[in-house]
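In what follows, every heavy atom counts, from backbone to side chain, and hydrogens, waters and symmetry copies are set aside.
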Amino acid sequence: MPANTPRSLTVTWGSESVLVSSIDHDLPAPGEPSAQGEVVAAGAANPQALLPDGAWRAIARATTAPEGIALQLRPSPGDPGGLLLEENVEGATLRSVVTRVHLSELLPGIQPRTGMEVNEVPDPQVEGLTRDGRPCAVVRYRYKDFGHLKDHVWQTLHGTLSINSYASSILARKVTRSLIAHPVEVTFEDGTPSFHGLVVRDGITRLASAWNVLAGPDADAAKTAAHAVGSLFGGIRPDAGEAGDAGGAGGAGGAAPALDERLAEHRAQWREGIRKEFAHEMGLLEPGLRAAQIAQTFVVPAQIAVGAQHHPGHPLAPQDVFDDAVRSILASVHVDFKQWDAAAQHVEVITRALKRVIQQGDSLVPAEDLQAVYGLAVGRTSPDELPAAFRDDTIPGTPLWRSVYLVHALTRAGLFEQLKDQAKTIKGGRRMGPKGFAELLGPLVDLPWRSHKRAVTKQARNAWNNGGVLTDDVMLDWDPVPTGDFTSLVGPASRGDLNARCTLAVAGGIALIADKLLTRNVGSALGAAKEKGGVPFRSDVNQVVQDLSRQDNELGLWTLALAANAFRGDALPENAVTLRQLIRKDPDVGAVGRAYVHFRVDLAQPDRIARDENGVPEQLYQWDVVAASDEKRARPAKAAAGTGAGAGPGTDPDAPDAPTGTGAAASGRAADGGGGPGAAAVFLAPAGVDGRPASQRAADDRDVLRTSLAAAHDALERLKLLEPEVGAHTPVIPLPGLKELNRILVSLTADIENLRRRTEDLHEEDGAEAEEAEEGEDAEEGLG
């Protein structure tokens, strides 16, 4: 076989047998420095490609064919843009080069699928760049420090692979569809030197899966992410004084190389090591899996944006044109064709619409207030920064008040119509009423608590799709009334104060929706029991909130006020039906995630909390909420039920698919505290080594088994406590890990069951022999 002839082979990937279609004998050689210089020169000479020199150098380093990029950039008399790929989107023309790039030169970017989630590591601040008033095809990512960058890359790759992986497909056929990428200037708040690189905006799953292939079949999402971060950044420290730690960068006594130079040198050395490893593998008589891993992932196809042209009359500011154009291309793929989920689409539509309204500059809302609203909407402004954002120290800095002010701001007359018009333009629709607008707000409102209340997020967003808290009154002109006690607003609201009524409607309504005490009720809910999500009558969510907040509905106003007072953003209430499979039996463990309770209202009680005959407060159910909105309409259902609850067994009409059962509390532990993190790390001596009898060694091993199982149980409990702090799209134990744990547990259970049966058989045999002996003794006594 000629040395340059691609070859096929079959490899084992985990439990699969994968036919690798084609492996080249050699990896692409590194580009010549002169050819990389041609890219920088050609880019600077192309009038339609506007990038800083650092961005051109990043592109030249990343590509395997710098001369090909220079050729695409070279203008001709008939085409000043050269051979650049053109894509026209609303308001801009995007120009790109098509090439192949090294996997080790690509960073995962930000897109709505990941940006809508609550994550442990926050996204960087994003800012567009311009030159002479023209948009540059580059954005600036601003991280807190170098560790923030590495943690963010790890989180994105880990979270992506926790959802999906194309590893076996890429191993068989490489990455076949181009990744959409563009240059980025990475900057840091702590003064770490900036550098230019390439980020992937579409194809992050392909990028992560390629790293998964390179890491190997035994690497889970966490190990793959760690392998990628190590390959991308190595042991480089950002401060120039540590240049010696950067893999040999810099010479003794000379000036330390810049951070981007050290990163480039590290990645070049890493690739050289991979090339040597691949050459060794291909020199074997039968190349195996490792050769296939390297060959299929060393380079990937990419479409790199290098230019953005602003269309005349487009409302966006030049610094926002490029990012908006890239997002338009992503949306055309993931909203129109290969769709993101509905929440990601809603976030994309409403945030882009808000940005366009800001850039138009003709809103009745002051620009400074619009910027504050935008910061709240995208999560840049945290709830505790709410008083400063709105310049009012009386506003409580809580997640619930953040949502109240966000809903209020986005539904004001000076902004609502403009937002609707822009949202309709982005979605391509013709009509949008309050319900249609409410569904856009759902994923914005739940930003601070969506990971902690993930078990009921689906129901909450369905409630927003059904109108949410956008009542007729809320759409009028009113102002929130800041307070630390929502019950103080009941009196003014009952006397006709619109501000107090709407504050209760929005705050209490959001609390009830977020805690699954007010959902989009469907027909089956009419026949369900109170404890299982039943309702006395059907009604839209926004109509229930409207009726609860009527001036003459004291029961409804108190229901809203107490719900808003009890609301917590870091846990779910016990009233949420789905919490039954989540609540621990030991409420004192993990105080952050401890449940709370919403209580039913009784106007005859001094504290307005209903109690049973034993004086125990009664829990609030959706049945009570809906009934409180219109007591007259609920009377027939109350009379039919006899106790105020719906009749019949029923089921929760909006319950998500979830396994049944409850979380177990920590079991008893050995006196030596064997449940600690290191409890399982017990030395197991081989049989006969210590000379003790087997029964004594068996006693030790029984203790090891018991302690190890207790430690495993404790580890699982700690994982469950950490679950709310981890991003909503990233399970604490990815599905492959759960399958592996289940396999181990099934095997362990089978072994223990077999031991139990053998032990019982021995006891039964001993018992039978004892009975026979007793019968023999009785017979002898009888004969005597």
Side-chain angles (χ1 to χ4, degrees), residues 6-14 16-31 61-65 98-109 153-154 156-158 160-161 164-181 197-200 202-234 266-282 287-304 736:
R7 62 186 303 169
S8 300
L9 68 153
T10 300
V11 298
T12 300
W13 182 261
E16 300 180 61
S17 181
V18 178
L19 174 61
V20 182
S21 58
S22 176
I23 294 181
D24 293 326
H25 187 78
D26 296 310
L27 296 178
R61 285 195 303 263
T63 183
T64 61
V98 179
T99 184
R100 291 197 302 166
V101 298
H102 294 108
L103 178 69
S104 55
E105 292 289 345
L106 296 174
L107 302 176
V153 171
W154 188 97
T156 303
L157 296 177
H158 177 261
T160 300
L161 290 174
N164 194 15
S165 176
Y166 305 143
S168 58
S169 174
I170 290 175
L171 180 63
R173 294 179 292 275
K174 297 186 178 181
V175 176
T176 56
R177 188 159 59 90
S178 292
L179 310 178
I180 296 178
L198 293 181
V199 294
V200 174
D202 182 60
I204 293 177
T205 303
R206 280 167 274 155
L207 175 71
S209 300
W211 279 112
N212 193 186
V213 170
L214 196 57
D218 297 328
D220 58 10
K223 290 180 180 178
T224 298
H227 176 73
V229 170
S231 303
L232 290 167
F233 305 109
H266 161 73
R267 293 170 185 172
Q269 291 178 352
W270 180 85
R271 288 192 292 270
E272 188 59 31
I274 292 293
R275 285 192 181 91
K276 292 178 180 178
E277 185 180 4
F278 181 75
H280 170 75
E281 291 289 327
M282 293 302 292
L289 174 61
R290 186 57 181 166
Q293 291 173 251
I294 296 173
Q296 304 299 77
T297 60
F298 190 71
V299 296
V300 293
Q303 175 183 322
I304 306 173

Calculate, to the nearest 0.5 Å, the distance between atoms [atom1] and [atom2] belonging to [X] and [Y] respectively.
X: Leu179; Y: Asp202; atom1: CG; atom2: CG; result: 8.0 Å
X: His227; Y: Leu157; atom1: NE2; atom2: CG; result: 11.0 Å
X: His266; Y: Ser231; atom1: NE2; atom2: OG; result: 6.5 Å

Between [X] and [Y], what is the shortest heavy-atom contact and its length?
X: Leu9; Y: Gly288; value: CD1-O, 3.9 Å
X: Ile204; Y: Gly109; value: CD1-O, 3.5 Å
X: Thr224; Y: Ala215; value: OG1-CB, 3.9 Å
X: Phe278; Y: Ala291; value: CE1-O, 3.4 Å
X: Gln296; Y: Ile170; value: CB-O, 3.6 Å
X: Val11; Y: Ala292; value: CG1-CB, 4.5 Å

Do [X] and [Y] meet the criterion of a side-chain donor-acceptor pair at a distance under 3.5 Å?
X: Asn164; Y: Thr205; value: no
X: Thr99; Y: Thr63; value: yes
X: Trp13; Y: Ser168; value: no

Contacts of Arg290 that satisfy salt bridge (Lys or Arg N to Asp or Glu O under 4.0 Å) - sequence neighbours left out: Glu277

For Arg275, salt bridge (Lys or Arg N to Asp or Glu O under 4.0 Å) partners two or more places apart: Glu272

Any [X] side-chain heavy atom under 4.5 Å of [Y] side chain:
X: Glu281; Y: Pro287; value: no
X: Leu107; Y: Leu232; value: yes
X: Leu103; Y: Arg271; value: no
X: Pro108; Y: Val199; value: no
X: Tyr166; Y: Asn212; value: no
X: Ser165; Y: Ser209; value: yes
X: Val101; Y: Val300; value: yes
X: Thr10; Y: Ser17; value: yes

Do any N or O atoms from the side chain of [X] and from the backbone of [Y] form a donor-acceptor pair under 3.5 angstrom?
X: Gln303; Y: Val98; answer: no
X: His25; Y: Ala279; answer: no
X: His158; Y: Ala225; answer: no
X: Thr160; Y: Thr156; answer: yes
X: His102; Y: Val299; answer: no
X: Gln293; Y: Leu214; answer: yes
X: Arg61; Y: Glu105; answer: no

Side chain to side chain contact (heavy atoms under 4.5 Å, CB included) assessment of Trp211 paired with Leu106: CA-CA 11 Å; Trp211 279 112; Leu106 296 174; over 6 Å; no

Side chain to side chain contact (heavy atoms under 4.5 Å, CB included) assessment of Met282 paired with Ile23: CA-CA 10 Å; Met282 293 302 292; Ile23 294 181; 4.3 Å; yes

Pairs satisfying salt bridge (Lys or Arg N to Asp or Glu O under 4.0 Å), at least one member in residues 217-231, at least two apart: none

Test log, rule side chain to side chain donor-acceptor pair (under 3.5 Å), inputs Ser8 and Ser21: CA-CA 5 Å; Ser8 300; Ser21 58; over 6 Å; no

Aromatic Phe298 / basic Arg100 pairing, under 6.0 angstrom, 45° off normal: no

